[in-house]
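Everything below concerns the one structure shown next.
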Amino acid sequence: MDSSFLTWLFVSLGLYSGISFFKMLIQFGLPNHPARFTCYLITLCAAVYFCGQAAVDLALISPFLWLKWRPLPVVAGSLSLLLQVTLLVGRFSVIQQKVISRLPVIGGILCFAFFPDKADHFFGITILLGVIFLSISVGKARYQKRLYFKMALFLGLFLGFKLVNIYWLYTVGAFFLFFALFYFLLFEQSIAISSKIDDFKLSLEGEKK
């Protein structure tokens, strides 16, 4: 397998994540719930990342331009994912969720400005923290746990093949990104569905009052 395989792999990942983002917008509507806002934000970050990587491979944008802006979706997306896990295992009011749901954007901008070279390390740490938080929580969000653990597993396999530093192994390992993205999008969809249920409960409470 040559470099063209990786090119079309990232093109496929970019199309898949981009279509999924717009499908989520149509399916769940306006981001007027903080959980839905984080779903849209992190799915957009994934779409931007894979589309950007595909654009570089197709020589549509400069690699130097991509390396400059790449840390922004990586950090903002990983912070949003960690925030979602925190909200799953903790108890927060809707107002508290609205306040902290804006933190990933701020964190992404700060890291982009001051520590752009640490974006990949930051991503790995947030994924690991998410696994730890979900592992120590008991009796909560079992379906989301399974999805997150599967996503983390395939990401770990990809990173493991990448660290071997053998090109053909990296090429084979990159295929695991499809499975990681698949479970990631299922995880985000489950969060968005939960937000719609919250909206329905709030509307019922408003009618009773």
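Only this structure's heavy atoms are used, side chains among them; waters, hydrogens and symmetry mates stay out.
Side chains of V56 and R70 form no contact here, defined as non-hydrogen atoms less than 4.5 Å apart. Looking only at side-chain heavy atoms (C-beta outward), Q144 and L134 stay at 4.5 Å or farther from each other. A heavy-atom distance below 4.5 Å is not found between the side chains of L82 and I125. Residues F187 and I42 are not in side-chain contact: their nearest non-hydrogen atoms beyond the backbone lie 4.5 Å or more apart.
Taking all atoms of both residues into account, the shortest heavy-atom contact from I127 to A152 is CG2-CB, 4.2 Å. Shown here for L147 and S190, the closest heavy-atom pair between the two residues is CD1-OG, 4.3 Å.
Legend: residues meeting ring pair (Phe, Tyr, Trp, His ring centres under 6.0 Å) with F179, ordered by chain and number and at least two apart, are F154, F175. I193 is linked by a side chain to side chain contact (heavy atoms under 4.5 Å, CB included) to F28, Q189, I197, counting only residues two or more places apart in sequence or in another chain. Evaluation of the side chain to side chain contact (heavy atoms under 4.5 Å, CB included) rule for L79 yields V75, P104, F122 as partners, not counting sequence neighbours.
Through direct or indirect side-chain contacts shorter than 4.5 Å among Ile, Leu, Val, Met, Phe, Trp and Tyr, L67 is connected to no other residue.
Annotation: ring pair (Phe, Tyr, Trp, His ring centres under 6.0 Å) contacts involving residues 42-89, sequence neighbours excluded, comprise Y49-W66, W69-F112.
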Side-chain polar contacts of residues 10-23 - donor-acceptor pairs under 3.5 angstrom, sequence neighbours left out - could you list them?
{"unit_1": "S12", "atom_1": "OG", "unit_2": "W8", "atom_2": "O", "d": "2.8"}
{"unit_1": "S17", "atom_1": "OG", "unit_2": "L13", "atom_2": "O", "d": "2.8"}
{"unit_1": "S17", "atom_1": "OG", "unit_2": "G14", "atom_2": "O", "d": "3.1"}
{"unit_1": "S20", "atom_1": "OG", "unit_2": "Y16", "atom_2": "O", "d": "2.7"}

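The structure places CE of M24 at 4.0 Å from OG1 of T43, a figure rounded to the nearest 0.5 Å. Rounded to the nearest 0.5 angstrom, L155 CG and L159 CG are separated by 6.5 Å.
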